[in-house]
2 protein chains.
Amino acid sequence: MTVTLADVAARAQVSPATVSRVLNGNYPVAAPTRERVLRAVDELDYVLNGPASALAAATSDLVGILVNDIADPFFGIMASAIQAEIGGTGGRAGGERLAVVCNTGGSPEQELKYLTLLQRQRAAAVVLTGGAVLDAPHAAAVAAKLRKLGEGGTRVVLCGRPPVPDARAVALTFDNLGGARAVTEHLAGLGHRRLGYLAGPEERSTTRHRLEGHRAALASAGIEEDPRRIVHGQFDRRSGYQGALELLRRDRSLTALVAANDSVAAGACAALRESGLRIPEDVSVTGFDDLPVATDVAPGLTTLRLPLTEAAARAGRIAMGREEAPAGGIGGVRGELVVRGSTGVARG
Amino acid sequence: MTVTLADVAARAQVSPATVSRVLNGNYPVAAPTRERVLRAVDELDYVLNGPASALAAATSDLVGILVNDIADPFFGIMASAIQAEIGGTGGRAGGERLAVVCNTGGSPEQELKYLTLLQRQRAAAVVLTGGAVLDAPHAAAVAAKLRKLGEGGTRVVLCGRPPVPDARAVALTFDNLGGARAVTEHLAGLGHRRLGYLAGPEERSTTRHRLEGHRAALASAGIEEDPRRIVHGQFDRRSGYQGALELLRRDRSLTALVAANDSVAAGACAALRESGLRIPEDVSVTGFDDLPVATDVAPGLTTLRLPLTEAAARAGRIAMGREEAPAGGIGGVRGELVVRGSTGVARG
DNA sequence: TTGAAAGCGGTACCAA
DNA sequence: TTGGTACCGCTTTCAA
């Protein structure tokens, strides 16, 4: 019923081996023969059987892209850039790879589950994006899984994620600490002394590194740390909204709000507006990542721009084996501060 | 080197067949035997070979989710909801399916490419989300491909997409026409007579249906259509921004702007703000879909809320065979108008 | 340049 | 309840 390679071979009057060679294009085949085969493929409307092919070749066309939250444009942008590199060219039969985006929801269990599923599929490569959960047992489990994937021939690339020891995975890390420090130093330089910080989930690497940078900047500006000026939440608008309200409730005199990322910043802006505060005149708000959405929400929003698209594209190329990865991975992709009408202290 | 099912069988002192039964859990196996097998699996750290399994069983664990733009929250929300239904339970070995999100970028070629790739992988199901390209040849090609997928045993579900004739695909359609009409009728009811319309890409089904609804409402309100009050663009913020500027350039006296979706509306709001116009006092803006992002951008934004999450979840369940498909394979999903401080005409 | 044939690792039918 | 064993459809030596 379904057309197989043997059917094509019969129709083209060649052996199955020859058809396979034509389809994979990795072996010399006489032009006329190739023609006949391709015509037969066309006439029979033949589609290669992926599983069979993967089984025989011990590798598949699948490339997994793990994201923490598919509804977050941050990951959407990265996934899109990676996919563009992957789906484009190269690969076996048909010259195409299937880039599959897996949504872990930031849950370590889901992450492990997807990694196992990809391992089961003998994925050609796996790209993990965004912050990692720092919980030790889970980190160890993920590290072990990545190691196994690597041993099984799957290329592993980390993008915007800290390196994993012992797993031969290429790591493209973002300089979250440096970026966050630059943001807060900028605000301190404008004269802000009372800064609120809207942090991400406690156990996430991005949360921790950005917070460290913030603290470092506070310290060097001689501003004393106050735990009441930090609230933790998710990396989403809702958390930014609620967090900003909470920070203002604790201290209405804050002159600046630093958000862990742009979605959080967007929510914070909404909260400030509803509280009758102007941005950035009354309260200066800064984000992180520089997503377009944030620009719309608050034209006066200052953010640290991470080269998401570039980094993701690079990760994609490395995953495809089209770009060399330096030994030990690539450290600290730097961000750039984008100042949009940020103002100094106007109140009290 | 890699552990196979035979290794597990040897270690557990049973036949490969028994191991397979234990792993798939679809066949009675004595409890003690099962125990031994599971222990062996654990000790050897065995992971099932997906391709081999798919080849033998003639079906895979893969479920494809096609989206037009992964960076658009509209699709992110839907993909996330579908994935939640799919990744959860059921399925073969391990009880898990791999939900893979494929980003077509709205291109018919990419769409076909991914469908072929999924066909090649013998995907268990495919869910196509969002508007379809109406170009006849492409539509026919997609229809043919879907038909073939269906024949090959892949369940096909359309979510927010018009039905495809002859392809035994379940269609969960959104009532775009009715929704758009409701939006414009609402504005007309407030006294607006000079309305601009920011449409999506010309050849997209969603664009056309929403535009039809808009026109129907104009007609029944006795407002004459003016082609200069319609601009086409993409379904993104940038198009909304540029489109709004263009509409205002053509006619500064517009009192209302209807956007094809919320991202477009967000961009339009940004453009209006920069043009010194207040929303909704000077110009009433309405969106479509009711994405959270739009609410942030313009607290006064009226939108038509589509039950994206619910519809997507339902599509996911249907794809998994856990929910009955609507009679005739087509279910119309209605939206609901959410009015947020929309005002009538205040100018001229 | 092409063909023959031995796997790749499971699954599921048929027996026992 | 368990085992034996033909396949599933393609890839890839090895020979010709």
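Reminder, nothing fancy here: chain letters follow the sequence lines and each chain counts from 1.
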Does [N] have OP1 or OP2 sitting under 4.0 Å from an N or O in the side chain of [X]?
| X | N | value |
| --- | --- | --- |
| Tyr46(B) | dG10(C) | yes |
| Asn24(A) | dT11(D) | yes |
| Ser53(B) | dT11(C) | yes |
| Ser20(B) | dT11(C) | yes |
| Thr18(A) | dG3(C) | yes |
| Thr33(B) | dT2(D) | yes |

Can you find a heavy atom in the side chain of [X] that is under 4.5 Å from one in the side chain of [Y]?
| X | Y | answer |
| --- | --- | --- |
| Thr154(A) | Arg122(A) | no |
| Val67(B) | Thr104(B) | no |
| Leu146(A) | Leu149(A) | yes |

Arg155(B) side-chain N/O to Ala319(B) backbone N/O, donor-acceptor pair under 3.5 Å:
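Yes, Arg155(B) side chain to Ala319(B) backbone: donor-acceptor pair under 3.5 Å.
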Any donor-acceptor pair under 3.5 Å from Thr173(B) side chain to Gly160(B) backbone:
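Pair absent, no side-chain N/O of Thr173(B) close to backbone of Gly160(B).
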Can you tell me how far [atom2] of [N] sits from [atom1] of [X], to the nearest Å?
| X | N | atom1 | atom2 | value |
| --- | --- | --- | --- | --- |
| Arg120(A) | dC8(C) | CZ | P | 21 Å |
| Asn49(A) | dT11(D) | CG | P | 9 Å |
| Gln13(B) | dT2(D) | CD | C1' | 14 Å |
| Tyr27(A) | dT13(D) | OH | P | 9 Å |
| Leu44(B) | dG9(C) | CG | P | 15 Å |
| Leu23(A) | dT12(D) | CG | P | 13 Å |
| Gln121(A) | dG9(C) | CD | P | 15 Å |
| Gln119(A) | dG9(C) | CD | P | 14 Å |

Taking the nucleotide of DNA chain D with the closest heavy atom to each, which residue, Ser15(B) or Ala56(B), is nearer the 5' end?
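Per heavy-atom nearest nucleotide, the more 5' residue is Ser15(B).
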5'-most by nearest nucleotide on DNA chain D - Arg34(B) or Leu55(B):
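Its nucleotide being nearer the 5' end, the pick is Arg34(B).
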Go nucleotide by nucleotide along DNA chain C from the 5' end; which of Pro16(A) and Ala30(A) gets its closest nucleotide reached first?
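The answer here is Ala30(A).
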Sugar-phosphate only, base, or nothing, as touched by [X] at under 4.0 Å among non-hydrogen atoms:
| X | answer |
| --- | --- |
| Val14(A) | sugar-phosphate |
| Ala58(A) | nothing |
| Val29(B) | sugar-phosphate |

Checking side chain to side chain contact (heavy atoms under 4.5 Å, CB included) against Thr129(A), which of Val101(A), Leu158(A), Leu308(A), Ile82(A) comes through?
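It is Ile82(A), the one option of Val101(A), Leu158(A), Leu308(A), Ile82(A) that forms the side chain to side chain contact (heavy atoms under 4.5 Å, CB included) with Thr129(A).
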Tell me if the side-chain of Arg122(A) makes a donor-acceptor pair with the base of dG9(C), cut-off 3.5 Å, by modelled atom types.
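Counting by modelled atom types and ignoring angles, no donor-acceptor contact under 3.5 Å is found here.
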Side-chain-base donor-acceptor pair under 3.5 Å for Arg21(B) and dG10(C):
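Answer no: no donor N or O sits under 3.5 Å from an acceptor.
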Kindly point out which of dC10(D), dT12(D), dT2(D) is positioned nearest to the side chain of Ala57(A)?
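Among the listed nucleotides, the one closest to the side chain of Ala57(A) is dT12(D).
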